[in-house]
Peer 1: 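The structure under discussion is supplied below as structure tokens; questions concerning it will follow.
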Amino acid sequence: MNPESARPSAPSDVPDKLVERPHWLTPLIRGWVVLLAVAIAFGRELIPNGREPTRLPPLEWLAAAVAAAFLVAGAAGFVTWRFTRFVIDHAEVRVDTGAVFRSSRRIAFERIQSIDVMQPFAARLFGLAEVQIDVGGETTKLRYLSRRRAYEVRDYLLARSHGYRVTPQQTAPEQSPTAILADLHASDEVLVRVPATTLLLAAVTSHEFFGILVSGLGAGALAWWFQQPWLALGLGIPTLSSLVGFVGRRVTGQFNYTLSRRPAGLRISRGLTSLTSQSLSARRVQAVQISQSVAWRALGYYRIDLEVLGWGEQTDDENTSGISTIMLPAGSADQVRVALAALWPTADYRSVQLTPAPRRAGWLHPFATPFLGWGFDEQIVVTRHGWLVRRWQVVPHVRVQSLRVSQGWFSRRLGLADLHVHTAGQQLAVRALGTDAARLGTAWPALIDLAGNPVAQEAPGPEARLADQAEATISSTE
Amino acid sequence: MDGPFDTDAGWQPLSPRYAPARALSSALLNGVFSVIAIAAATIVQPPSMSWLAWLVAIGTLGWTVWRGIRAWRWVQAFGYQRRQDDLLIRSGLWSRALIAVPYGRMQAVRVHSGPLDRLWGLARVTLVTASAESAATIPGLADSEARRLRDELIEAGETLALPL
């Protein structure tokens, strides 16, 4: 794929339409939940459970009912499939659905924020995938396409939404043997890959794991104290199952985590049972948090969380649409550096000189004081805080919306102040705690100045090119 | 020693008329709680426990009166500064805050005037940025002043607008 060479071609070269229909297995997969429910409902009745056998209706009736359910579900699925169509033309994506009540949803290329390919478990069994198109928080799903086709459509849409003029054929890679466990082309540059052993080790040493463990043990000890051993057991089992569930979710969700770079941008692909391929636009990243729990200090693991415009809530696992705000589930300092360099090539958070909090900050932050610190250079603000879980927070000046210094009565007596950096996201509250007020006072003017006149950080990317293109169109019509 | 709060020069004050407005509005707001607390104190059973309820009631009432008295000091301590590229707002007596909003980050400027504000001919100006935490509000400006500030801010924001 070489978008640069494709760009000069006149719009007339581009074929008008690319019409896609969902894969013919789609109704089967969309209906599998229903079928499974039916199977379980009847299956439970058939399994002898030691109690008095329930009186079953005659077998013929049962068979007829199941067949009817199959037929109705199948017919509904077929009609839905028959009347669903994905049309991609020169300016927009259109999703037409409905036999009786027709609806047509249109998405203009310019408004596409990100395109992800998801493979839920059922779809994955049949080698199918869904394409999720995100337009400012609203998600449109194209489901299901064959996996290969889904990736092709995704690549095509990404190229188009970035302003490249390509034909559908141009995006189709010559050989597209995308691996089963990852969404990778030969042209992709793999930046970070996290092996399953690291994930497992990181999960059982994470602070979330210890959190569940400690609360479970605490409750159990309390129950023991009140001489209720059965209650202790009753508490122990849910604790154990939530521990196993947590580790399982973390490992399967982030299995084979791969951060890769391709011409269209950064991509995260991960997952064991359901495969997710998530595109990541550096322009939409508002802030980054690197964290390290107590046990991870010994192991040298770090985790990166992202604050991305439109991704919604920060999540430990993933939200309903399958998007995770974890940029790196667990990795070494080197991998953190590589991942952040991919995001912001010119900024290095480690080269920023951090000012530690004065020792008198110990009155307010008795445990965290030795670790507290903050600093900034021409590109980014870096803060450091936390005690059991240490956190580094990084915000480029370009993303700073406003700044706030607050000083309570006590910290005023101590000559301390807190700095809050406001970004467009709401999940990571970027702050520098217990800083020396006098020092903050001298740095403050420069800080505001950088927020108001940030040094351009990104090299002009495809978006900027798109803007240029739009400008060229405007000036040519004038 | 006071860090960024030091800079004395150029702070614009609020309208002095805002002090009674603030005192009244906090009296109304806290007054509701005081009334509830006093009402609760009179009906608390058993009567031997009612001293606790009275303590709470007196505490609430005291806080209401204190806030009313402090309103004048609070208004004096508040200040805003229009600078070349940004707006600074400082506020608070015991716990102080200083907010800086670059004009380029402003998405909207809102002028709001509640019924109490209108009694004194006042309005509050809020700067809206993409961040929900910004909370840059200047309360208690005279109506004409608020409108003038709004127009100036919009003009400054248009010339300096930064991409999101």
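Convention: sequence-line order gives letters A, B, ...; per-chain numbering from 1.
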Peer 1: Applying salt bridge (Lys or Arg N to Asp or Glu O under 4.0 Å), can you list everything that pairs with A:Asp418, at least two apart in sequence or on another chain?
Peer 2: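 Applying salt bridge (Lys or Arg N to Asp or Glu O under 4.0 Å) to A:Asp418 gives none.
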Peer 1: Please say whether the positively charged group of A:Arg384, taken as NZ for Lys or CZ for Arg, lies over the ring of A:Trp374, i.e. under 6.0 angstrom from the six-membered ring centre and within 45 degrees of the axis.
Peer 2: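 No, A:Arg384 and A:Trp374 do not form such a contact.
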Peer 1: Counting only non-hydrogen atoms closer than 4.5 Å, does B:Ile89 touch chain A with its backbone (N, CA, C, O), its side chain (CB onward), both, or neither?
Peer 2: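 Neither part; nothing is under 4.5 Å.
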Peer 1: Quick check: under 4.5 Å, non-hydrogen atoms only, which of residues 133-152 of chain B neighbour chain A?
Peer 2: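 Expected list: B:Glu133, B:Ser134.
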Peer 1: For A:Asp134, is there an ion pair with A:Arg284 - N to carboxylate O distance below 4.0 angstrom?
Peer 2: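 Judged by the 4.0 Å cut-off on N to carboxylate O distance, A:Arg284 and A:Asp134 do form a salt bridge.
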Peer 1: If you count heavy-atom pairs within less than 4.5 Å of chain A, which of B:Val101, B:Ile99, B:Leu127 leads?
Peer 2: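 Heavy-atom pair counts peak at B:Ile99.
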Peer 1: Return the set of residues passing salt bridge (Lys or Arg N to Asp or Glu O under 4.0 Å) with B:Arg73 (not counting sequence neighbours), or none when no residue passes.
Peer 2: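 So B:Arg73 forms no salt bridge (Lys or Arg N to Asp or Glu O under 4.0 Å) with any residue.
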Peer 1: Checking A:Leu340 now: which residues fulfil side-chain contact (heavy atoms from CB on, under 4.5 Å) with it, not counting sequence neighbours?
Peer 2: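 Here the qualifying residues are A:Val288, A:Ile290, A:Ile304, A:Val336, A:Leu343, A:Tyr349.
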Peer 1: What are the two closest non-hydrogen atoms of A:Gly452 and B:Pro102, and how far apart are they?
Peer 2: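 Where A:Gly452 meets B:Pro102 most closely, the heavy atoms are CA-CB, 3.6 Å.
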Peer 1: Just say parallel, tilted or perpendicular for the rings of B:Trp66 and B:Trp94, cut-offs at 30° and 60°.
Peer 2: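 Answer is tilted, since the angle falls between 30° and 60°.
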